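See below for the structure under consideration.
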Amino acid sequence: MKELIQEGKTVEDAINKALEKLKMEKDQVEITVMDEGNRGILGIIAARDARVKVSPRASRQEKAIQFVEELCSKLGVEMEIEAIEDEGDPRQLTLKLKGRRMGLVIGKRGQTIDALQYLTNLVANKGEGESYLRVILDAEGYRDKRKTTLENLARRLAEKAVRNGRRLILEPMPPHERRVIHMVLQDDGRVQTYSEGDEPYRKVVIDLEETQ
Amino acid sequence: MQELLEYIVKALADNKEKVNIHLEEDEKNIRIKINVAEEDMGKIIGKQGRIAKAIRTIARAAASNSGKRSFVEIEE
C-alpha cells in the first residue's frame with residue numbers, strides 16, 4: 001500500500017497536505033511524526049520543516065480478505081477468493097472461496113466455515129468505529145444450498161406447529177441461519193417466530209400466531 | 001498448526017508479544033496450549049466461549065488433515 005512522506009511548516013500543516021494529496025480523511029490513515037520541525041527563532045536559527053509519514057489504513061474489506069487468505073494457506077488449502085460487495089448494502093461483503101478440498105474448509109454441517117466466518121468478522125471489525133462490516137464466507141455454493149435446506153425445513157416445521165397446535169423449538173443456529181428462518185416465515189400469518197437463549201446456543205422458536 | 005493458531009490468536013489479541021502457543025504431539029493427538037496476557041483472555045474466549053469454540057473448530061479441521069484429534073487449552 002502506498003505511503004506518503006510529507007513536509008510542512010508544522011506537523012498539522014504536513015498532515016493536512018498529505019491528506020489532501022491522498023484524498024483521504026484523518027481516520028482512514030496511520031500517521032507517524034518523523035520530525036516535529038522547528039520554527040526557528042526570529043529568523044536567526046534556520047527553521048526546519050516538520051515531516052510526517054502518512055499511510056492508508058487497511059480497510060475492513062482488505063483486512064477480511066487478508067485474514068481468510070492467510071488462514072487457508074496455513075490450513076494447507078490452496079484457493080482463490082472472489083470478493084463481492086453488495087451494491088444495495090455497503091456494510092456487507094461476500095467472499096466466495098474456490099479451489100480444491102473445499103470440504104475441509106466447510107466442515108461437517110458448515111461448522112468450519114461458520115467458525116472461519118465468525119473470526120473473520122471479529123478481525124475485520126477489530127479496532128474500528130461503530131459501523132460494522134458483515135462478512136459472509138461461501139464455498140462451492142454452500143450458503144445457497146444451506147439456505148434452501150433451511151427454507152424447506154422452516155416451511156415443514158411451520159406446518160407441523162400448526163397441525164399440532166403447539167410451538168416448536170429448532171436446533172441452535174448461528175445468526176445468519178436464524179435470519180433465514182425468520183425471513184421465510186414472516187409472511188406466514190399462522191405462525192410467528194422469535195429467538196431464545198444465548199449465543200452460541202440461540203434457537204429459533206416457531207410459535208402459533210395468537211388469534212383475535 | 002502452530003503458525004495457524006499463532007496467526008489467529010495474534011489477530012485477536014492486543015498484546016501480541018505475550019501470545020505463546022505450545023504444541024505437544026503424538027501419533028494420535030495434538031495438545032495445544034495457548035497463553036495470552038490476562039487482559040486478552042476475554043478476546044480469545046469470548047462471550048459464552050464463542051471465540052474459543054471457533055478456534056477449537058478450526059484446530060480440529062487442521063488436525064483432522066493429519067488424521068489426529070486436537071485439544072485446545074487457553075491460559076493466562
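Chain naming here is simple, since letters A, B, ... match the order of the sequence lines and numbering starts at 1 in each. In this text, all values refer to a predicted model and were calculated from it rather than measured experimentally.
By a heavy-atom distance cut of under 4.5 Å, B:E3, B:L4, B:Y7, B:I8, B:A11, B:L12, B:A13, B:D14 are the residues of residues 2-35 of chain B near chain A, going up by number.
Counting heavy-atom pairs closer than 4.5 Å to chain A, the top-ranked of the candidates B:R56, B:Q48, B:R60, B:K53 is B:Q48. Each of A:Q111, A:K63, A:K126, A:Q117 has some count of heavy-atom pairs under 4.5 Å with chain B, and the biggest count is that of A:K126.
Using modelled atom types and a 3.5 Å distance limit, the side chains of A:R57 and A:Q28 yield no donor-acceptor pair. For the residue pair A:R167/A:Y194, the side-chain donor-acceptor check at 3.5 Å is satisfied.
Nearest heavy atoms, B:K43 versus B:E39: NZ-O, 3.8 Å.
The cationic atom of B:R50 (NZ for Lys, CZ for Arg) lies less than 6.0 Å from the six-membered ring centre of A:Y118 and within 45° of the ring axis.
Heavy-atom contacts from other residues, nucleotides or ligands closer than 6.0 Å to NZ of A:K74 number more than 12. Under a cut-off of 6.0 angstrom, the local environment of CE in A:M183 is sparse, with at most 12 non-hydrogen atoms contributed by other residues, nucleotides or ligands. Remark: A:E199 CD is packed, more than 12 non-hydrogen atoms of other residues, nucleotides or ligands lying under 6.0 Å away.
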